[in-house]
Amino acid sequence: MDCSFAEDASAISPEWRGLVERSLVPSGLNSPELIAPALRNVGGARLAVVREGEKLHMALPIAEHRFPLPYLGNWTSPVSFYGQPHLDADMAVPALTAFLRKVSQPVLLHSVPRNGPLWDALTAASGHVAILDQWERAGLEIAGSYENWFETNFERKRRKEYRRLRSRLSEQGN
């Protein structure tokens with residue numbers, strides 16, 4: 001496998017789109033249609049790609065940082081805040097291994113879930129992984145029915161207002 005940095009991310013968009021469809025994890029707004037134009041206009045951001053022959057196995061937008069020491073980090077923006085790589089589900093570990101062997105500096109990946117296929121591939125591909133910061137996401141777990149949750153979590157006045165708004169909205173149609 002060969003790791004390189006794409007000169008023009010737009011030129012590999014068709015291959016990249018195919019990689020998105022067979023990706024290990026969905027990468028949300030990290031799509032070629034949004035990222036390729038952004039990379040063209042942002043200084044210091046590049047697209048790391050791993051290929052085997054003509055087949056694309058990894059696409060990761062990265063940025064070089066110099067402080068406090070030189071390192072590479074997954075590139076994010078207000079449009080693409082997720083920053084996870086597109087990895088071929090069948091070749092994730094070899095693609096990450098090729099990428100990590102090619103770069104000669106530390107790699108800092110933001111917002112990688114600690115549980116899941118990307119984390120598993122990353123720990124299998126690298127010699128060592130360090131967690132610098134972690135947090136738990138808030139989640140709403142509703143036990144029982146929606147009606148029960150609604151009745152127990154909102155005061156009477158607010159419930160009455162929501163019901164009034166729902167009634168007005170239903171007058172518009174289904």
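Below, each value reflects all heavy atoms present in this structure, side chains not excepted, and no hydrogens, waters or symmetry copies.
Surrounding CG of Asn115 are at most 12 heavy atoms belonging to other residues, nucleotides or ligands under 6.0 Å away.
Summarising the geometry of Pro37 relative to Asn41, their closest heavy-atom pair is O-ND2, 3.0 Å, with the distance given to 0.1 Å. In terms of heavy atoms, Leu24 sits closest to Pro117 at CD2-O, 3.6 Å. The minimum heavy-atom distance linking Leu118 with Gln84 is given by the pair CD2-OE1, 3.3 Å.
If you chain together hydrophobic residues whose side chains sit under 4.5 Å apart, Leu132 and Val107 never meet in one group. Transitive grouping of hydrophobic side chains (ILVMFWY, heavy atoms separated by less than 4.5 Å) brings Met1 and Phe5 into a common cluster. Note: the hydrophobic cluster containing Val25 also contains Ile62 (ILVMFWY, side chain heavy atoms under 4.5 Å, direct or indirect links).
When atom types are taken as modelled, the side chain of Ser145 and the backbone of Asn148 share a donor-acceptor pair closer than 3.5 angstrom.
Using a 4.5 Å heavy-atom cutoff, the side chains of Asp2 and Val50 are not in contact. Using a 4.5 Å heavy-atom cutoff, the side chains of Ser10 and Arg40 are in contact. The shortest distance between side-chain heavy atoms of Met58 and His86 does not fall below 4.5 Å. In this structure, Arg17 and Glu33 have side chains that are in contact, with non-hydrogen atoms separated by less than 4.5 Å. Side-chain contact between Val49 and Trp16: absent, with no pair of heavy atoms (C-beta onward) separated by less than 4.5 Å.
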Passes side chain to side chain contact (heavy atoms under 4.5 Å, CB included), Val129 versus Trp119? Steps please. CA-CA 10 Å; Val129 175; Trp119 179 262; 3.5 Å; yes
Test Leu60 against Leu87 for side chain to side chain contact (heavy atoms under 4.5 Å, CB included), laying out the working first. CA-CA 8 Å; Leu60 171 63; Leu87 279 168; over 6 Å; no
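With sequence neighbours excluded, the residues satisfying side-chain contact (heavy atoms from CB on, under 4.5 Å) with Ala45 are Leu39, Val42, Trp75. Evaluation of the ring pair (Phe, Tyr, Trp, His ring centres under 6.0 Å) rule for Phe154 yields Trp149, Phe150, Tyr162 as partners, not counting sequence neighbours. Scanning for side-chain hydrogen bond (donor to acceptor under 3.5 Å, both in side chains) contacts around Asp88 gives Arg22, His57, with sequence neighbours left out.
Listed by first then second residue, pairs satisfying salt bridge (charged side-chain N to carboxylate O under 4.0 Å, His left out) with a partner in residues 54-70 read Arg46-Glu64, Glu64-Arg66, not counting sequence neighbours. Judged as a salt bridge (charged side-chain N to carboxylate O under 4.0 Å, His left out), the pairs with a partner in residues 143-157 (not counting sequence neighbours) are, in order, Glu151-Arg159, Glu151-Arg163.
A distance of 11.5 Å separates OG of Ser13 from CG of Leu19, quoted to the nearest 0.5 Å. Taking CD of Glu52 as the start and CE of Met91 as the end, the distance is 4.5 Å to the nearest 0.5 Å. Here the OG atom belonging to Ser170 is positioned 11.0 Å from the CG atom belonging to Leu165, to the nearest 0.5 angstrom.
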May I have the list of side-chain donor-acceptor pairs in residues 93-106 shorter than 3.5 Å, sequence neighbours left out?
from  : atom 1 : to    : atom 2 : distance (Å)
Thr97 : OG1    : Val93 : O      : 2.7

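A salt bridge links Glu161 with Arg164: the distance from a Lys NZ or Arg NE/NH1/NH2 to an Asp or Glu carboxylate oxygen falls below 4.0 Å.
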